[in-house]
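Okay, so here's the structure we're looking at.
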Number of protein chains: 2
Amino acid sequence: MSENRPFSKSLNMLRSANLRPTRQRLALTKLLFDGGDRHVTAEDLHEDAVVNGVRVSLATIYNTLHQFTAAGLLREVMVTSEKSYFDTNIAPHHHFFIEDAQRLVDIPGDQIAIANLPKAPEGTEIRSVDVVIRLAST
Amino acid sequence: MSENRPFSKSLNMLRSANLRPTRQRLALTKLLFDGGDRHVTAEDLHEDAVVNGVRVSLATIYNTLHQFTAAGLLREVMVTSEKSYFDTNIAPHHHFFIEDAQRLVDIPGDQIAIANLPKAPEGTEIRSVDVVIRLAST
DNA sequence: ATAGCTGCAAATGCTTTGCAAGGCC
DNA sequence: GGCCTTGCAAAGCATTTGCAGCTAT
């Protein structure tokens, strides 16, 4: 759409998250949120940046992913103890995890319903309900 | 019950899993499976062993946890990217994760039902369905 | 000007591995 | 005896941190 102002969307995201629109954050925002939902690891995003000529250190990638998560722009998904995955789709939904390829795929939020959701133990409240369906190729 | 043959149960578990009943494995089996369901990290189990006068190296703890998981005696639960948790309850069930205390609690298997379970994508099959309800103290 | 960011390299923390010594069958 | 296990220490990885230099406002 706005090919002439390619960073305006990213700019707005950062501003409303109260994060300074630095060169790195603008570029990463663009990589993350332009074009469909993504599930990236820090390493993924770093490579993506390098390939696209964006100079960012891995440390900044980690910082940025966590800042974005804290700001509600990203959501961290726990599926492996090896790496952290960050999901650009923050709407409530669940995941398929393709074990062979170590790849995450969204399941639309309304495609799963949980019956008999147990109530949280005394003194606690539910922060999130995460469903992961692990898949193996046949 | 069988106070006079305290290791017979552990012995049988190991034999049927085709694992040599070494001193370490017998002791760890006893620690893990005597008395209720447990959710342990490698470090937890190691401390538990040390406290109980069982001499085992951390490396052996890791090896053992993975061997037991491969043998179907344990199940690994993914909740944090920081540590791996192993669950002695291998029956189908789900979990509460108390974030403040970093503690896992079982939700009985029949206490949650999932409606509209999506079918696995072409060429894959469902290996497991894991529900984690994250809790925060109020 | 200055508070906030970034990059690098070093440090951390969990987990794995290599290999010699020891234990089960 | 032979093969599986163990233990230790070193290595491996993903992630975090400290700090000097840079940048947005």
Side-chain angles (χ1 to χ4, degrees), chain A residues 7-8 10-31 39-50 53-71 73-74 76-86 102 104, chain B residues 7-8 10-31 39-50 53-71 73-74 76-86 102 104:
Chain A
F7 283 96
S8 62
S10 302
L11 236 178
N12 290 336
M13 285 191 86
L14 290 175
R15 281 212 216 290
S16 48
N18 261 307
L19 294 166
R20 280 194 189 171
T22 63
R23 178 177 61 73
Q24 291 86 338
R25 294 215 267 235
L26 276 170
L28 294 179
T29 304
K30 216 167 148 30
L31 288 176
H39 301 90
V40 301
T41 63
E43 199 59 57
D44 288 341
L45 185 56
H46 190 231
E47 272 177 40
D48 201 358
V50 169
V54 179
R55 290 181 54 259
V56 207
S57 73
L58 192 51
T60 296
I61 299 276
Y62 277 105
N63 289 337
T64 304
L65 286 172
H66 288 140
Q67 290 155 352
F68 283 17
T69 301
L73 300 176
L74 290 176
E76 190 171 358
V77 185
M78 257 70 185
V79 273
T80 305
S81 45
E82 288 145 37
K83 295 158 173 241
S84 292
Y85 287 80
F86 295 85
Q102 298 264 109
L104 271 174
Chain B
F7 282 96
S8 62
S10 303
L11 236 177
N12 291 336
M13 286 191 86
L14 290 175
R15 281 211 216 289
S16 48
N18 259 309
L19 294 166
R20 279 193 191 171
T22 64
R23 177 177 62 74
Q24 291 84 339
R25 294 214 268 236
L26 276 170
L28 294 179
T29 304
K30 214 168 148 30
L31 287 175
H39 301 90
V40 301
T41 63
E43 199 60 55
D44 288 343
L45 185 54
H46 190 230
E47 271 178 42
D48 200 357
V50 169
V54 179
R55 289 181 54 259
V56 208
S57 73
L58 192 51
T60 296
I61 299 276
Y62 276 105
N63 289 338
T64 304
L65 287 173
H66 288 140
Q67 291 156 351
F68 282 18
T69 301
L73 301 177
L74 289 176
E76 191 172 357
V77 185
M78 258 69 184
V79 274
T80 305
S81 45
E82 289 146 35
K83 296 157 173 238
S84 292
Y85 286 80
F86 295 85
Q102 297 264 110
L104 270 174

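These values consider heavy atoms only, across backbone and side chains, with no hydrogens, waters or symmetry-generated copies. Convention: sequence-line order gives letters A, B, ...; per-chain numbering from 1.
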Of all nucleotides in DNA chain D with an atom under 4.0 Å from a non-hydrogen atom of chain A, which is the first and which the last going 5' to 3'? D/dA14 to D/dT25
Do A/E43 and A/L58 have side-chain heavy atoms sitting under 4.5 Å apart? yes
Compare side-chain N and O positions of A/Q24 against OP1 and OP2 of C/dG7 and report whether any pair is under 4.0 Å apart. yes
Treat primed atoms plus P, OP1 and OP2 as sugar-phosphate and everything else as base, then score nucleotides 11-16 of chain C 5' to 3': B for base contact with protein heavy atoms under 4.0 Å, S for sugar-phosphate contact only, - for none. ---SBB
Report yes if at least one side-chain N or O of B/T22 is closer than 4.0 Å to OP1 or OP2 of C/dC24; otherwise report no. no
A/L28 atom CG is separated from C/dG7 atom C1', nearest whole Å, by 14 Å
Can you tell if the side chain of A/L19 reaches within under 4.5 Å of the side chain of A/R25, non-hydrogen atoms only? yes
Any A/R25 side-chain nitrogen or oxygen under 4.0 Å from OP1 or OP2 of C/dC5: yes
With a 4.5 Å cut-off on side-chain heavy atoms, are A/Y62 and A/H46 touching? no
side-chain hydrogen bond (donor to acceptor under 3.5 Å, both in side chains) between A/T41 and A/D44: does it pass, once the steps are laid out? CA-CA 5 Å; A/T41 63; A/D44 288 341; 3.1 Å; yes
Do B/V77 and B/L104 come within less than 4.5 Å of each other through their side chains, counting heavy atoms only? yes
Do A/K83 and B/S81 have side-chain heavy atoms sitting under 4.5 Å apart? no
Atom-to-atom span, CD1 of A/I61 to P of C/dG7 - whole angstrom: 9 Å
When you compare the side chain of B/Y85 with that of B/L74, does any pair of heavy atoms fall below 4.5 Å? no
Just the rounded figure in Å: distance from C1' of C/dC5 to CD of A/Q67. 8 Å
Taking the side chain as every heavy atom from C-beta outward, state whether A/L73 and A/M13 have any pair of such atoms under 4.5 Å apart. yes
